[in-house]
Amino acid sequence: MFTEDKRNYRRMQVNATAMLTTIEPVAGLTYTAECVDLSATGLSLHLDDLLEPDTLLSVDIASTHPSIAPLKATAKVIRASKEDDGTITAGLEIIEFN
């Protein structure tokens, strides 16, 4: 886990496809999401299904953005919601980079 103040990490807006695979509580469920925001400690996603808080995920982002390398990490859902317009968003905390 990161022990530094997470508010100090700069966030970057991105538009990259993320592949998510659940680790816990049910392993092996897969989701495709659009990563919209990324920092050293977490990411924000738009997706088609609502994820439960505390779900552990394997995250794989094959970025085409010139300043973002492909990302593989283990992350935990810290928030998930469905907006009034139907958009489903989730915030993930990165636990470790793989």
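Just so it is clear, the values below take in all heavy atoms, side chains as well, and ignore hydrogens, waters and symmetry mates.
- Interatomic distance, CG of Asp60 versus CG of Leu71, reported as 8.0 Å (0.5 Å rounding).
- Met19 and Leu29 sit in two unconnected hydrophobic clusters of ILVMFWY residues. Membership requires side-chain heavy atoms under 4.5 Å apart, directly or through other members.
- A distance of 7.5 Å separates OG of Ser81 from CG of Leu50, quoted to the nearest 0.5 Å.
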Problem - Tyr31/Thr22 under side chain to side chain contact (heavy atoms under 4.5 Å, CB included): CA gap, chis, key distance, verdict - result: CA-CA 9 Å; Tyr31 302 91; Thr22 56; 3.8 Å; yes

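- Grouping the Ile, Leu, Val, Met, Phe, Trp and Tyr side chains by contacts below 4.5 angstrom, directly or via other members, places Val14 with Leu47.
- Without hydrogens or angle criteria, Ser39 side chain to Thr41 main chain gives a donor-acceptor distance under 3.5 Å.
- Summarising the geometry of Ile78 relative to Glu93, their closest heavy-atom pair is CG2-CB, 3.8 Å, with the distance given to 0.1 Å.
- Pairing each heavy atom of Ala73 with each of Ile94, the nearest pair is CB-CG2, 4.0 Å.
- With a 6.0 Å radius and a threshold of 12 heavy atoms from other residues, nucleotides or ligands, Asp85 has its CG atom above the threshold.
- For Glu34, the CD atom sits in a packed shell: over 12 heavy atoms of surrounding residues, nucleotides or ligands are nearer than 6.0 Å.
- In terms of heavy atoms, Ala33 sits closest to Leu20 at CB-CD1, 4.1 Å.
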Exercise for the section: Apply side chain to side chain contact (heavy atoms under 4.5 Å, CB included) to Ile88 and Asp48, showing your working. Expected result: CA-CA 6 Å; Ile88 298 173; Asp48 293 331; 5.8 Å; no

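- When all heavy atoms of Thr89 and His46 are compared, the pair lying nearest together is CG2-CD2, 3.4 Å.
- In plain terms, the two heavy atoms of Ala18 and Leu45 that are nearest each other are CB-CD2, 4.2 Å.
- Residues Ile23 and Ser58 come closest through the heavy atom pair CD1-N, 3.7 Å.
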Exercise for the section: Please report the C-alpha distance between Thr55 and Glu24 in whole Å, then the side-chain angles of each, then the deciding distance to 0.1 Å, and finally whether the side chain to side chain contact (heavy atoms under 4.5 Å, CB included) criterion is met. Expected result: CA-CA 6 Å; Thr55 300; Glu24 290 180 0; over 6 Å; no

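- Test Thr30, Thr21, Leu92 against Leu57 for side-chain contact (heavy atoms from CB on, under 4.5 Å) and you get one pass: Leu92.
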Practice task
Step by step, work out the side chain to side chain contact (heavy atoms under 4.5 Å, CB included) result for Leu43 and Val36.
Solution key: CA-CA 8 Å; Leu43 56 148; Val36 294; over 6 Å; no

